[in-house]
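Lettering follows sequence order; numbering is per chain, from 1. Remember, it's a predicted structure, so these values are computed and weren't measured experimentally. When reading the values below, keep in mind they use all heavy atoms of this one structure, side chains included, and skip hydrogens, waters and symmetry mates.
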Protein chains: 2
Amino acid sequence: MSERDTERSVSQTVRAQLALRDMILSGRLRPGERISELQAVDITGVSRTPVRLALVRLEDEGLLQAIPSGGFMVKAFTERDILDSIELRGTLEGLAARFAAERGVSARSLEPLKECLADLDQLVRQDPISVEAFSAYVTMNARFHAILNELSASAPLIREIDRVSALPFASPSAFVMAQSALPEAHQILLLGQDHHRIVVDAIENREGARAEAVMREHSRLAARNLRLAVRNRTHLELMPALALLKSSAE
Amino acid sequence: MSERDTERSVSQTVRAQLALRDMILSGRLRPGERISELQAVDITGVSRTPVRLALVRLEDEGLLQAIPSGGFMVKAFTERDILDSIELRGTLEGLAARFAAERGVSARSLEPLKECLADLDQLVRQDPISVEAFSAYVTMNARFHAILNELSASAPLIREIDRVSALPFASPSAFVMAQSALPEAHQILLLGQDHHRIVVDAIENREGARAEAVMREHSRLAARNLRLAVRNRTHLELMPALALLKSSAE
DNA sequence: TGCGTCGCTACTGTATACATCTTGCGTTCA
DNA sequence: TGAACGCAAGATGTATACAGTAGCGACGCA
C-alpha cells in the first residue's frame, strides 16, 4: 500500500532519485561508471527532465560526480575517504554537542533525549542481542543522534550534519548492522551507549569541551566497526555502502 | 573581454545562476521573497529549464530555500546563523589543519604555503594600509586558506569546507574589506597574520592540537569583524552578504 | 604501419508545450 | 456578517523536440 502511495503521490523526480540511488548503493552501477541520461530514463521510466534533476541532486548528495564535458559518473571512494567522512561527522556532532552544552538546554527539552537514552539502555541490556533488537537499536540510535543535533539549535550546523550523514557510509548507523555479526558486538554496543550517557551528562552540566570530545570519540566507533567488518569479510552484504569503494577493497 | 567570453561560452544554466546570485546578494531580491521560475526567466533571459537547474543549485548552495508546495524563496539568516556558520568553518578548517599536522606534510609541499605567508607579511607591513593592499590581502588570504585546506589531503573535508565557505558571509575573506574601514584594522590584520604563522609552524612540527586550535580561533576574527562593522554601521556596503540578514538588523 | 583528419553517432543543453496542482479571491448561503 | 465552497489564474511538474558539441572510429595518406 505504501508502495502504491509512493508510486502515485511522489514526484517523478524523487522517484527517479530513489531508483538511481538504489542502483548505485546496490552496486548495480559500479563506481567510475558513466551514467547517461537516457540510460537513467530506461532505468527509472520517467522522462529526461526529472531524471536530470535527480542526477543533479545525487551529485550534491555526493553519490555522483560531474564530468567536465557534461554528464555524471558514479563516484568512487577510498577507504580513507570513508574514514575521513566519519571523522568529519564526529567533528560536526561534537560541535553540536558543545553548542548545546555551552548555550544551555532546558530540562524540558532535554527530556526526549533522556527518554531515548533509556530506551537504548533497555535494548542493550539483553545479552545475546537478537537481530530484531539490533534493528531497533539502529532506529533508536538514529533518533538519539537527531535529537542531539537539534539541541544545538543551529540551523546551519544541522544542515551540514544532515548532509554529511547522507553519505551511506558516514551516517551514525552505517556499520551497526555489520557489527551485529562480530563477536565483539555486545561490548561495542555498550561502549557506544556509555558515550551517549556521557554526552547527556555533559550537556546537562554545561561541560562543552567534554561533550565535544566524547562525540568525536563516539564517531570513531564507526571507524572501528568498519575496520573490523572489512577484515572479517563475512557479512559484507550488511554494508551496502561498500559498493562505492574503489575496486581494490572489493 | 572576459565579459564576452562569459556571455558566449558559459552555459545558460551557469549564467542564470550567476545572475540570480547577484540579484540576491545585492539585495534586489529580499530575504523571504518568493522567486518564481517565470520571474527568474524574465530576470535572466534564459528559458525555464536552465533557470530551474540554477534554482536547484542555489538551493543547495544555501541561498535559497525550497517551499514545501513547490518553488523557492530567498533564504533569510539571523545574525546567529552567520556567527554559527563562521564557527562551523573554523571547526572544519581546524580539522584540516590537524589532518595536515598529524599526517605530516613534506617540506616540498609546505613551500607554497610559506611563500604565501611571506607575501602576506609583505602586505601587512605597511602601516597605513592602502585600499589596494587590502584588496590584495583578500586575494592572498583566500589563497592561503585554499592551500592550507589542500594540505589536509582529504577530498571529503575539502568538499565540505568549500561548501560552507560558499555562503557569502562564512568565507574567510567575508568581512576583511569591511574591516578596512575600522580604526582597529591594522591590529586585526596583524593578529590574523600571526595565526597564519602559528598554523604553519604547528603543521611543520606535527602539533595537531595546536594547529586545530589556532584555526578555530582564527575564524573568530571574522566574527569579531562582523560585530564591529555592524556596530559602526558605516561601510555596510562593503558587506553585500548582509543583504541576507533577517530584517531586524537592516 | 602509423598518424592525422574527416565524418558520424550519441550524448547533453535548451526551449517550449502541456498537465496538474495550489492558492487566493469572490460569491453565495447560513 | 462570517464562513465555506468553487472557480480561475498562475505557478510548478513533466514530456518531448530540436540544436549543438564532443568523442570515437574509420579511412586515407604519408
Side-chain angles (χ1 to χ4, degrees), chain A residues 3-24 28-61 63-75, chain B residues 3-24 28-76:
Chain A
E3 175 82 6
R4 263 288 156 72
D5 285 356
T6 301
E7 278 188 22
R8 285 199 186 160
S9 64
V10 167
S11 73
Q12 303 286 69
T13 301
V14 172
R15 206 177 308 170
Q17 196 176 345
L18 292 174
L20 290 171
R21 187 195 285 137
D22 185 58
M23 288 284 288
I24 295 167
R28 274 170 293 175
L29 293 170
R30 306 189 73 81
E33 187 175 339
R34 180 173 188 157
I35 175 171
S36 85
E37 290 181 5
L38 286 136
Q39 184 187 354
V41 165
D42 283 344
I43 291 173
T44 64
V46 305
S47 79
R48 274 185 63 210
T49 307
V51 152
R52 190 142 228 259
L53 275 169
L55 290 173
V56 169
R57 290 234 148 89
L58 288 170
E59 181 202 1
D60 67 66
E61 195 173 306
L63 260 42
L64 295 180
Q65 189 169 15
I67 299 172
S69 65
F72 299 94
M73 53 186 272
V74 179
K75 202 157 169 179
Chain B
E3 176 83 6
R4 262 288 157 72
D5 284 357
T6 301
E7 280 188 19
R8 286 200 185 158
S9 65
V10 165
S11 73
Q12 303 286 70
T13 301
V14 172
R15 205 177 309 170
Q17 196 176 344
L18 291 174
L20 290 171
R21 187 194 285 137
D22 185 58
M23 288 284 288
I24 294 168
R28 274 170 293 176
L29 293 170
R30 305 189 73 81
E33 187 175 340
R34 180 172 188 157
I35 175 171
S36 84
E37 291 181 4
L38 275 84
Q39 183 187 355
V41 165
D42 283 345
I43 291 172
T44 63
V46 306
S47 79
R48 274 186 63 209
T49 307
V51 153
R52 190 143 229 259
L53 276 169
L55 290 172
V56 169
R57 292 234 148 90
L58 288 170
E59 181 203 0
D60 66 66
E61 194 174 306
L63 259 43
L64 296 180
Q65 189 169 16
I67 298 172
S69 65
F72 299 94
M73 53 185 273
V74 179
K75 202 158 170 178

Work out which heavy atom in [X] is nearest to a heavy atom in [Y]; give both atom names and the distance.
{"X": "B/Leu64", "Y": "B/Phe72", "result": "CD1-CB, 4.2 Å"}
{"X": "A/Arg34", "Y": "A/Gly70", "result": "NH2-O, 3.1 Å"}
{"X": "A/Lys75", "Y": "A/Gln65", "result": "CG-OE1, 4.1 Å"}

What pairs of nitrogen or oxygen atoms, one from the protein and one from nucleotides 14-21 of chain C, lie under 3.5 Å apart?
residue : atom : partner : partner atom : Å
C/dT14  : OP1  : B/Gln12 : N            : 2.4
C/dT14  : OP2  : B/Thr13 : OG1          : 2.9
C/dA15  : OP1  : B/Gln12 : NE2          : 3.2
C/dA15  : OP2  : B/Ser47 : N            : 2.9
C/dA15  : OP2  : B/Ser47 : OG           : 2.8
C/dA15  : O5'  : B/Ser47 : OG           : 3.2
C/dA15  : N7   : B/Thr49 : OG1          : 2.7
C/dT16  : O4   : B/Thr49 : OG1          : 3.1

Using whole Å, what does the distance between atom [atom2] of nucleotide [N] and atom [atom1] of [X] come to?
{"X": "B/Arg34", "N": "D/dG10", "atom1": "CZ", "atom2": "C1'", "value": "10 Å"}
{"X": "A/Glu37", "N": "D/dA17", "atom1": "CD", "atom2": "P", "value": "16 Å"}
{"X": "B/Ile67", "N": "D/dT12", "atom1": "CD1", "atom2": "C1'", "value": "11 Å"}
{"X": "A/Leu38", "N": "C/dT9", "atom1": "CG", "atom2": "C1'", "value": "13 Å"}

Quiz item: B/Leu58 versus B/Arg21: any side-chain heavy-atom pair under 4.5 Å?
Solution: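 Of all side-chain heavy-atom pairs linking B/Arg21 with B/Leu58, at least one is under 4.5 Å.
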Practice problem: Identify which nucleotide among D/dT12, C/dT23, C/dC11 has an atom closest to any side-chain atom of B/Ser69, counting heavy atoms from C-beta outward. | Solution: C/dT23
Sequence neighbours excluded and cut-off under 3.5 Å, please list the side-chain donor-acceptor pairs for residues 39-47 of chain A, or say none.
residue : atom : partner : partner atom : Å
A/Gln39 : OE1  : A/Ser36 : N            : 3.3
A/Thr44 : OG1  : A/Ala40 : O            : 2.8
A/Thr44 : OG1  : A/Val46 : N            : 3.4

Quiz item: Is any NZ, NE, NH1 or NH2 atom of the basic residue among A/Asp60 and B/Arg57 found under 4.0 Å from an Asp or Glu carboxylate oxygen of the other?
Solution: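 Looking at A/Asp60 and B/Arg57, the cut-off is not met.
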